[in-house]
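See structure below.
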Amino acid sequence: MSIRTLDDLLAEGVSGRRVLVRADLNVPLDKQTGDINDHDSASAPQGGAPDGVRIADDGRIRAVLPTLSALTGAGAKVVVCSHLGRPKGSPDPAFSLRPVAGRLGELLGAPVHFATDTVGDSARSTVDALADGEVALLENLRFNAGETSKDEAERGGFADQLAAFGDAYVDDAFGAVHRKHASVYDVPARLPHFAGRLVLREVEVLSTLTGDPARPYVVVLGGSKVSDKLAVIEALLPTVDRLLIGGGMCFTFLKAQGHEVGSSLLEEDMVETCGNLIERSGGKILLPVDVVAADAFAPDAAHDTVPADGIPSKRVGLDIGPETVAGFAAALKGAKTIFWNGPMGVFEMPAFANGTRGVAEAIAKSGAFTVVGGGDSAAAVRALGLDESSFGHISTGGGASLEYLEGKTLPGIAALEK
Ligand code: 3PG
Ligand code: MG
């Protein structure tokens with residue numbers, strides 16, 4: 001691989017140089033009180049950041065600290081940029097990175113200078129005022145249409161403005177490397193470019209899965225939609241020894257097996273595809289044999305465990321059942337490599353968290369090399385209070401890790417290779 005790394009940049013010396021770091025600080029926010037769009041109210045903090053916003057999971061902020069600390073420690077002027085959520089190309093206070101700047105500063109143990117725009121007056125003056133070893137965070141990249149534009153010229157114009165803030169570029173936004181966006185794909189064409197520590201570690205780990213994983217290699221997939229996972233299932237089937245399927249997507253597979261799924265999540269147009277996958281998998285695909293079915297999609301809904309072939313017509317499946325957890329645990333025991341993406345049920349509601357917890361615990365104690373992929377599964381590990389260190393690697397990328405496993409060219413990685 002011809003990628004230059006952060007260590008190469010540090011070896012050149014960065015003291016007094018401006019280093020533009022693309023991070024993925026797209027963290028889940030809890031909106032605690034009131035209307036978060038009510039940012040003009042007198043109670044809103046200065047600068048228009050929405051009031052009552054709490055960072056629900058700061059894993060992605062912590063994941064980028066090694067790169068940032070290495071740069072500040074070496075005396076660089078560090079300019080961090082990121083997206084948050086999916087605003088539509090213009091400023092939207094609900095997606096401000098301001099709360100992230102606060103948390104980043106706490107974790108770094110040094111103030112983070114926040115620019116209230118991305119490439120405007122505030123960004124220019126904030127970057128100009130940086131002293132050696134200081135950090136600035138620019139406002140959400142996606143407040144600018146050029147960031148995600150499909151038009152090369154429009155993206156390029158925005159990339160020119162961003163690139164003006166750096167003498168070198170470091171990509172540490174693994175979660176966004178599958179996006180052909182200005183800050184990911186076009187900026188590295190304009191500046192000397194380097195892979196940050198997080199990006200390197202993610203690629204190193206995921207490449208062991210696509211290379212020659214120790215066997216048995218077992219993959220656990222969950223999450224709500226089959227259509228999101230279809231390409232990765234296709235890519236994984238020839239490689240894996242077992243593919244365990246839970247989460248909302250399992251109901252489309254159960255339907256393909258001829259079972260009724262009540263009012264559970266169902267992608268009608270994927271039923272036939274799922275049937276073909278089951279058939280072609282030669283027994284590698286393992287599906288739930290029981291599910292927790294509830295009266296409604298609500299934390300306090302009445303619910304019971306029912307056989308997967310006996311879901312009552314008015315009930316909604318919100319978790320895999322205990323017999324399924326035991327079967328999945330048996331398949332995970334003795335595995336040498338495990339990749340897990342997607343929760344097994346609605347883990348945010350305690351009544352429907354047992355499947356995700358049970359499978360996560362089985363993965364953690366398997367003795368295998370374990371990789372947890374994706375925002376939701378990583379958040380589940382932390383939300384359920386599981387010990388993060390009992391997993392080999394917790395990826396910060398959901399879509400990015402899946403596309404990597406699909407064998408796709410990732411624009412952000414390709415741009416670093418040039
Ligand atoms: C993610 O959370 O998946 C990454 O931050 C990428 O965000 P996106 O899916 O909105 O491009
Ligand atoms: Mg995504």
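As the structure lists them, so they are numbered: ligands from 1, and atoms in each ligand from 1.
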Margin query: By the salt bridge (Lys or Arg N to Asp or Glu O under 4.0 Å) test, which pairs, at least two apart or in different chains, include something from residues 264-280?
Written below: E234-R280
Checklist line | Numbering as shown, the atoms of ligand 1 that approach D24 to under 4.0 Å (heavy-atom distance) | finding: 4 (C), 5 (O)
Margin query: I need the atoms of ligand 1 closer than 4.0 Å to a non-hydrogen atom of R142, numbered in the order shown.
Written below: 7 (O), 8 (P), 10 (O), 11 (O)
Next item on the list: Looking only at non-hydrogen atoms, find the nearest pair between D241 and P216 and report the distance.
Entry: OD2-CA, 3.2 Å
Notebook entry, point to check: With distance as the sole criterion, is a donor-acceptor pair present between the side chains of H193 and R22 under 3.5 Å?
Noted result: no
Check: Which option out of R179, H181, H178 puts a heavy atom nearest to atom 11 (O) of ligand 1?
Finding: R179
Notebook entry, point to check: Which atoms of ligand 1 sit under 4.0 Å from any heavy atom of N26?
Noted result: 1 (C), 2 (O), 4 (C), 5 (O), 7 (O)
Next item on the list: Would you mind listing which atoms of ligand 1 come within a distance below 4.0 Å of any non-hydrogen atom of R86?
Entry: 8 (P), 9 (O), 10 (O)
Notebook entry, point to check: Going by atom types only, do T72 and E134 share a side-chain donor-acceptor pair under 3.5 Å?
Noted result: no
Next item on the list: Please state whether the rings of H303 and F352 are parallel, tilted or perpendicular, taking 30° and 60° as the class boundaries.
Entry: perpendicular
